[in-house]
Amino acid sequence: MTRISYEVEDSLALIGLARPEKRNAFDRAMLDELGRAYTAYEHNADLRCALLFAHGDHFTGGLDLAGLGPELGGGAPLFPPSEIDPVGLGPRRRQKPVVVAVRGYCFTLGIELALAADVVLAADDTRFAQIEVQRGIFPFAGATLRFPAQCGWGNAMRWLLTGDYFDAAEALRIGLVQEVVPAAELMARARFVAERIAAQAPLAVRATLASARGARDDGFDAEAHRLKERASALFGSEDAVEGTRSFVERRAATFHGR
C-alpha cells in the first residue's frame, strides 16, 4: 500500500491515511487501499480493535474531486464492493470496533468516516466542514443518514446545509466526537482508548456493537426481541466463564475470543 499505512501491534490494527502532501485527499487508489485495510483488519482473528489516524498535519481534506468527480458522477461505488466498506454503506460491513483520531482538516469524507466509526477523538486544532453543498453536490457517504441521528436534526442541518467550518469544541458539543485533547496528546490518548476496547472480551464487544446497530437499523422492538438470544450465546462462551472466574478471584481477565 502506498497511500494507506497498515501496521499490526499486539491486538491493534493501526490504519494511517498516508498522502500528507495532498492533505490526505482521497483519490481512487487511496479509497481502494482503505477498503483493503479494513478488510485485512476484519479478517484477522487476532485483531480486536482498529485505530484510524492520519500521517501529517491533517486527517483529510476529503475527496479529490478533480480526479474522482467524473467516475463518481457516472455511478461508480466509492469503495470496492468486494471489500469491507469503511463508511458502512456497501454490501460488506465490519463487525469489529474502530476508533478514529482526527486533527487539522477533517472535511467531507473525513466526517463520514468518523460518523461510521465507534469512538472518535479530536485534536484541539481540528477544523470540520461538510462542504458538499458549496460545490453543487451533497454528502453521499453517510452524513445525511448518521449526522442527524447522532447529533440532532438542528445541529446537523446547521453544518450540512451551509458547508461552514466548525471547530473541535463544537464537534464535542454536538456529539460528533467523544473527546478533545491537545494535538500532541492525540495519538497516545486514542491508542489508550483502542487498547482498552481490545482488552475486553472480543465476543462481548462484537455482540454489543451488533445489538446497538440492530436497534439503530431495525428499531427498538426488533432488537429487544433479539437480546435474550444474543445473551444466551455469550453465557456459554469460554470468555464468559473466564470473566466470572476473574471477578471471583479478583484478577484481570484473559480473553481468547472463544
*For residues R173 and N155, is any side-chain donor paired with an opposing acceptor at under 3.5 Å?*
yes

*Establish, yes or no, whether the cationic atom of R127 lies under 6.0 Å from the six-membered ring centre of Y165 and within 45° of the ring axis.*
yes

*Answer yes if the side chains of Q134 and E132 hold a donor-acceptor pair under 3.5 Å, and no otherwise.*
no

*asked:* Taking the basic N atoms (NZ, or NE/NH1/NH2) and the acidic carboxylate oxygens, is any pair closer than 4.0 Å for R189 and E185?
replied: no

*For R28 and L78, indicate whether the former's side chain and the latter's backbone hold a donor-acceptor pair under 3.5 Å.*
yes

*If we ignore angles and hydrogens, is there a donor and acceptor under 3.5 Å between the side chains of E33 and T2?*
yes

*asked:* Check D64 with K22, please: is the shortest side-chain N to carboxylate O separation under 4.0 Å?
replied: no

*Can you check whether V133 reaches T162 side chain to side chain, under 4.5 Å on heavy atoms?*
no

_Ring geometry between F138 and F140 (parallel below 30°, tilted from 30 to 60°, perpendicular above 60°)_ = tilted

*Should the pair E223-R230 be classified as a salt bridge under the 4.0 Å nitrogen-to-oxygen rule?*
yes

_L47 and L12, any side-chain heavy atoms less than 4.5 Å apart_ = no

*May I ask you to test the L113-V87 pair for a side-chain heavy-atom distance under 4.5 Å?*
yes

*Give a yes or no on whether a salt bridge exists between R19 and D27, defined as a side-chain N under 4.0 angstrom from a carboxylate O.*
yes

*Considering only NZ, NE, NH1 and NH2 on the basic side and carboxylate oxygens on the acidic side, decide whether K96 and D118 come within less than 4.0 Å.*
no

*asked:* Parallel, tilted or perpendicular, judged at 30° and 60°: which one describes the rings of F166 and F147?
replied: tilted

